[in-house]
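A short write-up of the structure that comes next.
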Amino acid sequence: MEAGRSPRATALDIVGRVNRASGRREGGILGLTGSQARSVAAARSELLSGDPAGLRAYLKRGRRDRRYDATVRNAIREGRGVGRREAARIAQRYADRLLQLRGEIIARTETLQAVHAGAYEAMQQLIDTGGVRASQVRKVWQATPDARTRDPHRQMHGESVPFDQPFRSPTGALLRYPGDTALGAGAADVVNCRCWVMMRIDYLPNS
């Protein structure tokens with residue numbers, strides 16, 4: 001954030017960049033998750049199977065490289081599997097895209113967490129310096145209004161709590177702000193969260 005780098009640039013630092021000469025992703029510090037690795041193995045099996053149903057299943061994978069779709073459709077039409085060398089190339093591109101997805105999720109999650117933590121700390125400093133009392137501040141949870149928002153956070157939309165108290169997710173997790181893990185919130189409430197908090201200050205009460 002201080003360097004003005006976007007989450008996408010950070011993601012590429014995490015997972016590496018594709019070498020145009022070799023076609024492989026290089027220089028990253030993370031690999032695929034176990035689930036992603038299994039998805040790549042399953043995709044490779046679908047490509048090699050020669051089974052029309054398996055090949056069509058590959059064509060439904062959202063992160064596949066669509067430049068190879070014609071090759072897969074030709075295999076379906078000819079009643080055969082994709083050649084081993086071509087299947088390996090296609091599966092590698094699928095793996096690269098899954099790895100990029102992982103990097104993007106990590107980068108977005110950490111970047112937004114830093115933004116929310118900064119806003120929370122700024123309000124805390126205002127309270128600490130006497131600019132406002134904690135009792136005058138309330139936090140209001142704001143969920144992004146679309147289908148990608150997780151159901152528990154959609155249920156929290158508009159929930160208001162005092163500044164010095166955490167929100168309680170329907171999952172049971174406690175969060176001072178979106179992305180907060182200090183009180184034990186797990187990945188189900190933190191990863192890729194796009195919610196934010198609105199601070200409301202009531203300046204009228206003096207006691």
Side-chain angles (χ1 to χ4, degrees), residues 1 5-76 81-116 143-144 146-154 169 171 173 175 178-181 184-195:
M1 291 294 292
R5 294 174 60 76
S6 69
R8 180 173 176 79
T10 303
L12 293 176
D13 290 340
I14 294 171
V15 302
R17 292 166 171 77
V18 175
N19 183 315
R20 294 184 181 277
S22 67
R24 299 183 66 86
R25 192 173 295 279
E26 300 174 353
I29 58 175
L30 288 180
L32 297 174
T33 64
S35 175
Q36 288 177 326
R38 289 190 290 274
S39 292
V40 173
R44 186 181 295 107
S45 295
E46 291 163 358
L47 292 166
L48 293 170
S49 68
D51 176 14
L55 290 164
R56 291 191 184 98
Y58 168 79
L59 290 174
K60 294 179 181 178
R61 293 185 177 274
R63 282 277 162 168
R64 73 186 188 280
D65 189 332
R66 286 171 170 77
R67 292 176 297 178
Y68 295 102
D69 284 3
T71 298
V72 178
R73 291 194 180 98
N74 286 338
I76 294 173
V82 175
R84 288 191 174 276
R85 181 174 297 179
E86 192 71 359
R89 182 180 299 112
I90 296 173
Q92 182 59 52
R93 289 295 300 133
Y94 178 53
D96 285 342
R97 290 184 168 214
L98 289 181
L99 184 57
Q100 182 177 356
L101 173 63
R102 185 183 185 198
E104 290 172 354
I105 289 174
I106 292 172
R108 282 198 301 267
T109 299
E110 297 299 327
T111 299
L112 291 175
Q113 183 180 15
V115 170
H116 298 316
T144 302
D146 62 28
R148 293 167 53 198
T149 298
R150 44 175 60 86
D151 287 339
H153 290 190
R154 188 179 295 111
S169 166
T171 66
L175 307 100
D180 179 36
T181 60
D189 275 284
V190 173
V191 172
N192 227 15
C193 176
R194 298 171 299 133
C195 299

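These numbers were taken from a predicted model, which means no experiment stands behind them.
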Inset, instruction - Indicate yes or no for a side-chain donor-acceptor contact from S169 to the backbone of T171 under 3.5 Å, with no hydrogens or angles considered. - result: yes

Inset, instruction - Determine whether L48 and R84 make a side-chain contact, defined as any pair of heavy atoms from C-beta on separated by less than 4.5 Å. - result: yes

Legend entry - Gap separating the CZ atom of R97 from the CD atom of E104, nearest 0.5 angstrom: 10.5 Å

Inset, instruction - Determine the minimum heavy-atom distance between L47 and A87, stating which atoms define it. - result: CD1-O, 3.8 Å

Inset, instruction - Locate the shortest heavy-atom distance separating D65 from R93; write the atom from each residue and the value. - result: OD2-NE, 3.1 Å

Inset, instruction - Scan residues 53-64 for pairs that pass side-chain hydrogen bond (donor to acceptor under 3.5 Å, both in side chains), counting only residues two or more places apart or in two chains. - result: E46-R61, R61-Y94, R64-D69

Inset, instruction - Taking all non-hydrogen atoms of both residues into account, name the closest pair between D180 and L175 and its distance. - result: O-CD2, 3.7 Å

Inset, instruction - State, to 0.1 Å, how close R150 and N192 come at their nearest heavy-atom pair, and which atoms those are. - result: NH1-C, 4.2 Å

Legend entry - Test item: side-chain donor near acceptor, D96 and Q100, under 3.5 Å: no

Legend entry - T109 and its side-chain contact (heavy atoms from CB on, under 4.5 Å) partner, picked from I106, T111, I105: I105

Inset, instruction - Measure the spacing between NE2 of H116 and SG of C193 and express it to the nearest 0.5 Å. - result: 6.0 Å

Inset, instruction - Could you check if a side-chain atom of L55 sits within less than 4.5 angstrom of a side-chain atom of V82, using non-hydrogen atoms only? - result: yes

Inset, instruction - For H153 and D189, run side-chain contact (heavy atoms from CB on, under 4.5 Å): C-alpha distance rounded to whole Å, both residues' side-chain angles, the deciding distance at 0.1 Å, then the answer. - result: CA-CA 8 Å; H153 290 190; D189 275 284; 2.8 Å; yes

Legend entry - Non-hydrogen side-chain atoms of L59 and R73 separated by less than 4.5 Å: yes

Inset, instruction - Identify, with sequence neighbours excluded, every residue that meets side chain to side chain donor-acceptor pair (under 3.5 Å) alongside S49. - result: none

Could you list the donor-acceptor pairs under 3.5 angstrom formed between side-chain atoms of residues 34-44 and any protein atom two or more places apart in sequence or on another chain?
| from | atom 1 | to | atom 2 | distance (Å) |
| --- | --- | --- | --- | --- |
| Q36 | OE1 | T33 | N | 3.1 |
| Q36 | NE2 | L98 | O | 3.0 |
| S39 | OG | S35 | O | 3.2 |

Inset, instruction - Find the distance between CZ (R102) and CG (L99) and round it off to the nearest 0.5 Å. - result: 7.5 Å

Legend entry - L112 side, atom CG; R194 side, atom CZ - distance, nearest 0.5 Å: 9.5 Å

